[in-house]
Amino acid sequence: MLETISCLISPSMIHDRVKSLGQEISDYYNQDELTIISVLSGSVLFVADLIRELPQESTQIGFIGVSSYFGKTRKKVRLTNNLSIDVRDRHVLVVDDILDSGKTLEYVQDYIRQSGATSARSCVLLKKTGAPSTADFVGFDIDDKFVVGYGLDYNGYYRNCPYIGVLENDSV
Ligand code: 5GP
Ligand code: MG
């Protein structure tokens with residue numbers, strides 16, 4: 001079945017906001033050593049752009065894999081890929097694609113604190129209306145709709161769509 005995606009956030013809007021978000025984060029950490037932990041797989045496009053706005057001499061990057069969705073059916077959050085780097089005694093910023101119930105971020109931040117991090121803050125590209133205000137840095141506030149593109153998927157597809165959009169299909 002052919003789905004259409006209606007554009008919600010264009011590539012240039014994403015570009016501009018990621019740049020200013022990078023500045024906010026750089027100002028906040030102010031030369032402190034920072035470890036970015038990207039939550040696989042939805043945040044990879046976002047994190048790839050964001051890290052290029054952060055200081056090269058004081059930023060490390062790692063990954064963690066968690067799963068909470070199968071299609072649109074919510075599941076319990078579980079670890080699928082362990083932390084790729086040591087976060088002990090580090091200031092950590094968890095980067096995820098979207099904040100919905102907040103369960104994913106809560107799970108990952110708890111896991112990072114238990115792994116010995118000095119601090120565990122969070123940054124999301126998107127926050128849905130009604131989501132808890134648990135993220136320290138937010139790119140865009142959006143309506144409570146299922147979105148895809150710029151890393152976000154539907155059953156594994158659309159991650160490589162260059163903009164963020166809403167899938168227009170009754171069966172989704
Ligand atoms: P939460 O745990 O906050 O409910 O959900 C966060 C995770 O659910 C995100 O990392 C993302 O993988 C997935 N998710 C939540 N809403 C959406 C959405 O609208 N589109 C897509 N593609 N994934 C979503
Ligand atoms: Mg995710």
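Being a predicted model, the structure only gives us computed values, none of them experimental. Whatever order the structure lists ligands and atoms in, that order sets their numbers, starting from 1. Hydrogens, waters and symmetry mates are skipped; everything else that's a heavy atom, side chains included, is used.
For the residue pair E168 and S6, a side-chain donor N or O sits within less than 3.5 Å of a side-chain acceptor on the partner.
With respect to D16 and K19, no salt bridge is recorded, no charged nitrogen being found less than 4.0 Å from a carboxylate O.
Interface of D96 with ligand 1, defined as ligand atoms under 4.0 Å from a residue heavy atom, comprises 10 (O). Ligand 1 places these atoms under 4.0 Å from at least one heavy atom of D153: 21 (C), 22 (N). Per-residue contacts place K128 under 4.0 angstrom from the following atoms of ligand 1 (heavy atoms of the residue considered): 16 (N), 17 (C), 18 (C), 19 (O). Applying the 4.0 Å criterion to heavy atoms of S101 picks out, from ligand 1, the atoms 1 (P), 2 (O), 3 (O), 4 (O). Less than 4.0 angstrom separates some heavy atom of V147 from each of these atoms of ligand 1: 18 (C), 19 (O), 20 (N), 21 (C), 22 (N). For ligand 1, the atoms lying closer than 4.0 Å to a non-hydrogen atom of K145 are 19 (O).
Under 4.0 Å from ligand 1, not a single heavy atom of V77 appears.
Under the side-chain contact (heavy atoms from CB on, under 4.5 Å) test applied with C123, the options L93, D136, D96 reduce to a single match, L93.
Using 4.0 Å as the threshold, Y154 has no heavy atom nearer than that to any atom of ligand 1. Using 4.0 Å as the threshold, G102 has a heavy atom nearer than that to some atom of ligand 1.
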- Task: Could you check R17 against E24 for salt bridge (Lys or Arg N to Asp or Glu O under 4.0 Å), going step by step and ending with a plain yes or no?
- Result: CA-CA 10 Å; R17 183 63 187 120; E24 284 174 37; 3.1 Å; yes
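Distance check, rounded to the nearest 0.5 Å: CG of D49 to CG of L125 gives 9.5 Å.
The nearest non-hydrogen atom to atom 9 (C) of ligand 1, considering only D97, V39, T104, comes from D97.
Relative ring orientation between H91 and Y29 is described as tilted, the plane-to-plane angle lying within the 30° to 60° band. Below 30°, between 30° and 60°, or above 60°: for Y150 and F46 the angle between ring planes is between 30° and 60°, a tilted geometry.
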